[in-house]
Number of protein chains: 2
Amino acid sequence: MTRQEATQRATQRSTQRTPLNRERVLRAAVALADTTGIDALSMRRLAQELDVVPMALYKHVANKEELLDGMTDAVVGEIDPPGAGPDWRHVVRARILSARRVLLRHPWAARVIESRTGPTPAVLEYLDSTAGIFREGGLSADLTHHVMHAMGSRLLGFSQELFATPGSGGSGESADPAGSADSVAASGPPDPGLAERYPYIAELAAASHDGDSVVGGGCDDQFEFEFALDLLLDGFERLRDQGWTSAR
Amino acid sequence: MTRQEATQRATQRSTQRTPLNRERVLRAAVALADTTGIDALSMRRLAQELDVVPMALYKHVANKEELLDGMTDAVVGEIDPPGAGPDWRHVVRARILSARRVLLRHPWAARVIESRTGPTPAVLEYLDSTAGIFREGGLSADLTHHVMHAMGSRLLGFSQELFATPGSGGSGESADPAGSADSVAASGPPDPGLAERYPYIAELAAASHDGDSVVGGGCDDQFEFEFALDLLLDGFERLRDQGWTSAR
DNA sequence: ACCTGAACACCGTTCAAGT
DNA sequence: ACCTGAACACCGTTCAAGT
């Protein structure tokens, strides 16, 4: 390679890729996790994807934990801002369902968010504005406090089921206690021993798809999520109307 | 070392430790995770703890995933069997609070259980007998199915809060959206900027410890867990009494 | 046939050597 | 002063060599 060729190549490379910055690192990390799963996301693999040497990443994130913090903020930032409307239940419901759609787009996000030791700025902002919806809906600060706890990670759209549904991608975001029922009853030639050993689970599995669809797990994740969400919102509203306070 | 000494030492070693078996491997793994946290549990470290060569473990568990499955079963096996009694709400409540106590003893267990791709035998048995409590309480199979989904991982005593409370050990089992509020307001000299940026969170934090205790996070995890649990059980009972069915 | 040391293909991060 | 290749201390698991 001549000196001129080398210069050309260097120029070409520097023009064809924008110089590395935090934003680009985070976006590449999110994209990599989306396509290959969170387990395959390593600093080395990410560097390779960005066509830089691994150590180059450490100029933009202090370490892998900070990378994961940044990815969390990027994902939480995708959640729709709270809408306007007179009905606080509708507003909070719409926002949480938006969060759920975001988590479904990024199946790895639930586990990453749960693994953060503290809330990131975007999460704090999300929690603050969501608390505001409850407060403006007439719930006392006391009740809102316990409501936020009761919602727990469901606030961010987590399914919080026990096991990943068969269909879910890689690093299970949604899961399925009654669905494990379904697996027991529906997977291949149903072992008669299982239905005998777990009679109640077998019964639940039957209840889940005696309708039109008999294929697959048989559980409608969206239905189950909204069932629990509405049950909780119902309960919150009832407590508000009763003027509930924690006794202390 | 003489030949006799070598024989003695070999004999001593073989008598002072029972020969390795699956049971002993699992118990050592649980103990190691309890004391050092789940992140420090590696096949190599576990082998070292048992005073064997790493490869010796692979005769008793196929791989690390199977080790984690076994640890899950060991922990879930610690949950009290369902008690007897006419009040299904009391029975299911007591059982779930027992599960919660078990998880508090093994702070790593929640994350390990969540990471299982499918239910282990002990989990299936737990879910089956818990579904049985609901069924015998008069809930239809249909309602019980959705109830199990709505409970999600809370069935196994998971706190399901967003972030680990400051006090919780290592691999966060319990967490705290409103508690993150508390951290914001309570940590050190409260940055006035934070309360302005997150006014609702600041308000919740204030609501959480305007009582007697002002120290620490200020949240009573046990209270929050039971608040949500009872809210859900209330809702289930109400649906049962209304003869609720999913429309399909 | 059984057991196991060395090796393989990784990992996050440190650090010193090179420019 | 900046950048980065090599190195460090790990990891789960394979595999072939040794008994």
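- B:Q48 places its CD atom 15 Å from the P atom of D:dA9, with the value rounded to the nearest Å.
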| query | Does the pair A:R105 and A:E78 meet the rule for a side chain to side chain contact (heavy atoms under 4.5 Å, CB included), with working shown? | reply | CA-CA 10 Å; A:R105 281 205 294 273; A:E78 290 182 28; 2.9 Å; yes
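- One distance of note links OG1 of A:T130 with CD1 of A:I79; it measures 8.0 Å at 0.5 Å rounding.
- Between D:dC3 and A:K59, a contact under 4.0 Å exists linking OP1 or OP2 to a side-chain N or O.
- Put simply, CG on A:L67 is 14 Å from C1' on C:dT13, counting in whole angstrom units.
- Rounding to whole angstrom units, CE of residue A:M43 and P of D:dC11 are separated by 20 Å.
- Here the nucleotide nearest the side chain of B:Y58, chosen from C:dT13, D:dT13, D:dC11, is D:dT13.
- Residues B:D221 and B:L104 have side chains not in contact (no heavy-atom distance under 4.5 Å, counting atoms from C-beta outward).
- Pair assignment for D:dC3: none, as no Watson-Crick or G-U wobble contacts are both less than 3.5 Å.
- As rounded to the nearest Å, D:dT13 and C:dT13 have C1' atoms that lie 23 Å from one another.
- Across all strands shown, D:dC8 pairs with C:dG12; the Watson-Crick or G-U wobble distances both stay below 3.5 Å.
- Across the interface with DNA chain C, nearest-nucleotide mapping of A:R44 and B:V53 shows B:V53 to be the residue nearer the 5′ end.
- The side chain of B:S42 lies closest to D:dC11 when the candidates are D:dC11, C:dC11, C:dT13.
- Rounded to a whole Å, the CG atom of B:L46 is 11 Å from the P atom of D:dC11.
- Among the protein residues, B:M55 comes within range of the nucleic acid bases, having at least one heavy atom under 4.0 Å from a base atom.
- The structure places CD of B:E161 at 7.5 Å from SG of B:C219, a figure rounded to the nearest 0.5 Å.
- The closest donor-acceptor contact from the side chain of B:D128 to the backbone of A:Y200 lies under 3.5 Å.
- Remark: the separation of the P atoms in D:dC8 and C:dG18 is 16 Å, to the nearest Å.
- One can place CD1 of B:I38 at 14 Å from C1' of D:dC11, the figure rounded to the nearest angstrom.
- Between B:D39 atom CG and D:dG12 atom C1' the separation is 15 Å, expressed in whole Å.
- D:dA17 makes up no base pair with any nucleotide shown, lacking Watson-Crick or G-U wobble contacts both under 3.5 Å.
- Rounded to whole angstrom, the span from the CG atom of B:L68 across to the P atom of D:dT13 amounts to 10 Å.
- For A:L57 and D:dG5, the CG to P distance is 13 Å, given to the nearest whole Å.
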